[in-house]
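If you're wondering where the values come from, they're calculated on a predicted model, not measured in any experiment. By convention in this document, chain letters (A, B, ...) are assigned in the order of the sequence lines, proteins followed by strands, and residues within each chain are numbered from 1.
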Amino acid sequence: GQNIDQPTEMTATEGAIVQINCTYQTSGFNGLFWYQQHAGEAPTFLSYNVLDGLEEKGRFSSFLSRSKGYSYLLLKELQMKDSASYLCAVREEGGSYIPTFGRGTSLIVHP
Amino acid sequence: EPEVTQTPSHQVTQMGQEVILRCVPISNHLYFYWYRQILGQKVEFLVSFYNNEISEKSEIFDDQFSVERPDGSNFTLKIRSTKLEDSAMYFCASSSDRIEDTQYFGPGTRLTVL
């Protein structure tokens, strides 16, 4: 089984930078996903990390450290529309390619 | 950009009734999935489907659930006799020709069981 831990809620100011952390414990690791989910809508794919390091995609970056069981999603130049839930999902190696989702971090961006 | 679509967006049903939720995956994708999300809780995997058969299912996916690909475009989830606790958002997802590829989610069907 897997244990995925994210903060429940974070707040930040428009224009600022925020880092959302995710820690996980798995018996084997085969990739970590970040999804954005606005209230009442579907999760939208943001990033995928399988090797250590930073993946940058526009205002969003995702970092992975496999040895520490740790990832973060970095959001720069925050906009009001970034207010959403951010879901960390981890895939275990060994047969299943189905990711297990964390409970998500609700990010509130205020002016 | 291609999208996963789902119908209906909202379904209200009486306990004990059968419901069918419909999905049209992205056209060149080969792997299909159903997830559910009870209000305020995390996204939970139900079932994956490939080559016209179930490839994996969770313990939530019991005998009350079934999936089907009735034609070349639709992918359906049937709940045979709904229970109050089946009330949730149901998301369909698809991924391309490799199972390890990223899954793309549809907009969801909100199922309310009364």
Side-chain angles (χ1 to χ4, degrees), chain A residues 1-9 20 22-24 26 28-51 55 57-58 60 62 64 71 73 84-106 108, chain B residues 1-7 9-10 21 23-26 29-50 54-61 87-112:
Chain A
Q2 300 181 38
N3 188 24
I4 300 169
D5 200 29
Q6 307 177 233
T8 304
E9 188 175 292
I20 302 173
C22 172
T23 58
Y24 62 89
T26 62
F29 176 81
N30 192 16
L32 185 145
F33 299 84
W34 283 98
Y35 283 85
Q36 180 192 61
Q37 186 179 29
H38 284 99
E41 297 183 14
T44 304
F45 171 73
L46 291 177
S47 68
Y48 173 64
N49 295 71
V50 66
L51 300 176
E55 295 277 343
K57 199 185 282 190
F60 294 1
S62 56
L64 175 69
S71 172
L73 180 69
S85 192
Y86 290 86
L87 314 181
C88 173
V90 177
R91 196 161 58 188
E92 272 188 339
E93 70 177 0
S96 174
Y97 286 90
I98 306 302
T100 298
F101 284 81
R103 293 191 172 276
T105 298
S106 177
I108 300 167
Chain B
E1 189 169 322
E3 294 180 330
V4 177
T5 60
Q6 291 184 242
T7 54
S9 56
H10 194 178
L21 310 182
C23 168
V24 179
I26 294 172
H29 283 188
L30 299 181
Y31 291 88
F32 315 122
Y33 312 85
W34 283 102
Y35 289 83
R36 80 172 185 191
Q37 187 176 30
I38 295 169
L39 187 64
Q41 299 190 24
K42 61 182 178 180
V43 175
E44 299 175 291
F45 168 72
L46 294 178
V47 65
S48 61
F49 192 86
Y50 171 73
I54 291 173
S55 50
E56 194 170 343
K57 60 183 180 179
S58 71
E59 58 232 23
I60 302 169
F61 194 87
S87 294
M89 196 76 162
Y90 287 81
F91 294 109
C92 174
S94 68
S95 59
S96 65
D97 59 347
R98 298 185 312 163
I99 193 170
E100 63 267 30
D101 282 352
T102 299
Q103 297 176 24
Y104 293 89
F105 284 74
T109 294
R110 180 168 298 285
L111 176 65
T112 303

Using every non-hydrogen atom in the two residues, find where [X] and [Y] come nearest and quote the distance to one decimal.
| X | Y | answer |
| --- | --- | --- |
| A:F101 | B:V43 | CB-O, 3.6 Å |
| A:R103 | B:K42 | CA-CB, 3.9 Å |
| A:P99 | B:Q103 | CD-NE2, 3.4 Å |
| A:A42 | B:F105 | CB-CB, 4.0 Å |

- Item | Value rounded to 0.5 Å, distance of OH in A:Y48 from OG1 in B:T102 |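 Rounded to the nearest 0.5 Å, the OH-OG1 separation comes to 7.5 Å.
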- Query: In Å and rounded to the nearest 0.5 Å, what is the CD1 to OH distance from A:I98 to B:Y35?
  - Reply: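 So the gap between those two atoms works out to 5.0 Å.
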- Item | Atom group of B:Q6 that falls short of 4.5 Å from chain A, counting heavy atoms | neither
